[in-house]
Amino acid sequence: MSIIKSLSVGNGDMFYIKHNSDNFTSIDCCLSEDNKKDIVDEIKEEKKGKGIFRFISTHPDEDHIQKLDYFDDEIGIDNFYVVKNETTKSIETDGFKRYKKLHNSDKAFYIEKGSSRKWMNIGDETRGSSGLSILWPIRSNEHFKTALENAKNGQTPNNISCIIKYSLEDGVTAIWMGDLETDFMENIKDEITLPKTNILFAPHHGRKSGKIPQEWIDQMDPDIIVMGEANANDSDYASYPNHNKIRQNSAKNITFECITNKIHIYSSNINYSVDFLDWEYQNTFDYYIGTLNL
């Protein structure tokens, strides 16, 4: 069994994976004064007993690295997975300063399409693989090079985001896409092929500016699209009419309990429900909303 949790952090993204091997992964950081202690305490508790802890930064936009300094001070990031870049900002927050420090340290592992590493996707006699793969970026791609140059010149780093796949044998396949924007995805859509996906975390928090090209939607054919906490005016909720969606604005914290051929799903909002899941009377966590049978 593994656990994927999508944390409700407002206008930002933050996730963790408690793997079914000796691995624990955090993806992005968006902490506030109100939530920082509770979230960090939860991650400390959940990663107990895991020999490998890694932090993956999809890109250095503030709503993905907010209070990274606090996170690092409290937990300690020894494995910092990051797209190599030279992003600059006119105003440097403490989170961005810590991002740069980690990025330029010997704790950094620079990721790109096809990256391999113990124990990200290579297991051995010591511990198994985490089941993580990097599907993007391709560093030689001209559109990606332009995105890197734009970020270096102080423009948005959204389009240097990586695409991450997590898969469990005979179980879940989940995809994260950072804050990739629609125009950029349209430009690179023929450069990679995406796999059949059970859980897709919509890019750019589910905003219209992150609408996924139809070709990629057809390839992934996601069973569930998780729409982030974009406000109602910005949400692209209506753009995926043929796919089931969970809206984090309403569901709040979403926990995916991933086992063989099933995903049991829980919401921290006792009043949240959907009509597309099977009901299997689960109670591992509070507020079960149903099961996706794969």
Answer yes or no: is there an ion pair linking Glu142 with Lys145, defined by an N-O contact shorter than 4.0 Å? yes
Could you verify whether a donor N or O on one side chain and an acceptor N or O on the other, from Tyr16 and Glu46, lie under 3.5 Å apart? no
Under the ring pair (Phe, Tyr, Trp, His ring centres under 6.0 Å) rule, what do Tyr110 and Tyr81 come out as? Steps first, then yes or no, please. CA-CA 6 Å; Tyr110 300 127; Tyr81 287 50; over 10 Å; no
Between the side chains of Asp124 and Trp119, is a donor N or O closer than 3.5 angstrom to an acceptor N or O?
yes
Salt bridge between Arg98 and Asp72, side-chain N to carboxylate O under 4.0 Å? yes
What I want to find out is whether Lys5 reaches Glu42 closely enough, with some N-O distance under 4.0 Å, to be called a salt bridge.
yes
Of all heavy-atom pairs linking Ala108 and Leu102, the shortest is CB-O, 3.5 Å
Exactly one of Phe256, Tyr288, Tyr287 clears ring-ring contact (aromatic ring centres under 6.0 Å, His included) with Tyr266, and that residue is Tyr288
Paired with Arg54, the side chain to side chain donor-acceptor pair (under 3.5 Å) test is passed by just one of Asn79, Asp78, Thr25, namely Thr25
Item checked: Between Asp34 and Ser32, a side-chain donor and acceptor under 3.5 Å -> no
**OP:** Tell me yes or no: between the side chains of His19 and Ser130, is some donor less than 3.5 Å from an acceptor?
**Re:** no
- prompt: Using 30° and 60° as the class limits, which term best fits the ring planes of Phe184 and Trp136: parallel, tilted or perpendicular?
  reply: perpendicular
